[in-house]
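So that the names make sense, note that chain A is the first sequence line, chain B the second, and so on, each numbered from 1.
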Amino acid sequence: MKLAVLAALFVSTCQVGPFNDPPTPVPTSDPGWPDPPIAAAGAPASGCAAAIENTKRLGCGFEADDSGAWCATRSSKEVSCMASAKTCLAQRKCTEASK
Amino acid sequence: MISVQVKNRSTVISDPEVAKVVAACNRQVARDFGPAYGIKAECKLVPVSTPLSSYDWQLIVVDDADAAGALGYHETTANGTPLGFCFAKTTQQYGGLWSVTFSHELLEMLCDPEINLCALDESGQKLYAYECCDACEDDSLAYDVGGVMVSDFVLPPFWLSSTPTHAPLSFTGAVTKPLQILPGGYLAFLDLRNPGKGWQQHTAKLDNTASHSSRYPRRGVPVAERRRSVTT
């Protein structure tokens with residue numbers, strides 16, 4: 001039984017191929033993501049709608065069924081921050097900072 | 001709602017420490033990971049003697065790796081339920097944060113419970129393992145949740161290699177391109193032009209040092225040959 005386990009682990013290890021692909025460099029500067037919706041000229045959306053739109057654009061996920069109710073729980077400072085955040089982590093901090 | 005039972009079998013990490021990490025990871029899943037992936041899950045720390053049903057998912061904190069070069073991994077039990085391991089002492093011996101290993105294994109269990117999901121690259125010639133933390137698994141990319149460092153994870157569009165990118169592709173924003181590997185990370189792939197080579201890895205090493213342990217999946221072992229862990 002133990003031999004079988006060891007054999008399986010050995011196979012697992014042996015199937016790992018050569019590590020000769022070059023690493024992907026970490027960006028050292030802002031890669032130039034498009035501005036979030038709140039900054040778009042002439043955008044008709046309200047601040048809160050822009051915050052929701054930016055959440056979706058970033059791919060962070062927006063789960064509230066009732067966006068109106070969700071907006072009612074957010075301060076204008078939170079909404080503004082969320083609408084202009086450039087990462088999901090930055091957006092999450094928008095609501096943490098005020099608590 | 002997925003329920004994950006957590007047991008602490010480690011001698012180097014106390015139950016209160018595990019409870020703090022469990023709470024942080026629950027928050028990470030509820031606020032960060034869950035909405036992005038459409039997954040709801042909750043971990044619960046239970047005494048090691050607690051019996052588990054055949055349907056419970058498990059994440060076990062133990063001291064040492066039972067597989068060379070692993071800080072943690074996930075697999076399935078004989079019943080087919082997902083089971084993850086976090087090797088706390090081994091992680092610490094490599095200078096790593098066990099909370100990041102714990103978070104990593106939890107998120108990857110949720111992403112791909114059966115360890116059988118894959119994504120094709122743009123060329124259609126490489127099949128990438130759907131492991132949502134590997135590309136950004138280095139501790140330097142972790143982020144803080146309530147005083148606990150947890151793993152960064154890629155967002156679903158990371159796997160859409162031919163789709164225009166509108167935003168960063170990991171939660172912290174560190175990953176910026178589809179299928180990008182950050183230093184200290186890796187991606188497992190199957191080259192469809194040469195499938196006989198089995199699962200291989202693209203890596204991005206840190207400081208040209210030898211690759212040390214990773215939080216790797218069990219995909220390299222064919223499903224029929226995988227070790228089946230007993231439910232504990």
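- Interface remark: B:Tyr143 contributes side-chain atoms only to the contact with chain A (heavy atom separation under 4.5 Å).
- With rounding to the nearest 0.5 Å, the separation of CZ in A:Arg92 from CZ in B:Arg27 is 6.5 Å.
- Here the closest non-hydrogen pair linking B:Ala36 and A:Gly59 is CB-O, 3.6 Å.
- Pairing each heavy atom of B:Gly173 with each of A:Thr87, the nearest pair is CA-CG2, 3.7 Å.
- Atom CG in A:Leu58 sits 10.5 Å away from atom CG in B:Leu169 (nearest 0.5 Å).
- Between the side chain of A:Arg57 and the backbone N or O of B:Ala167 there is no donor-acceptor pair closer than 3.5 Å.
- Residue B:Asn194: no heavy atom, backbone or side chain, is found under 4.5 Å from chain A.
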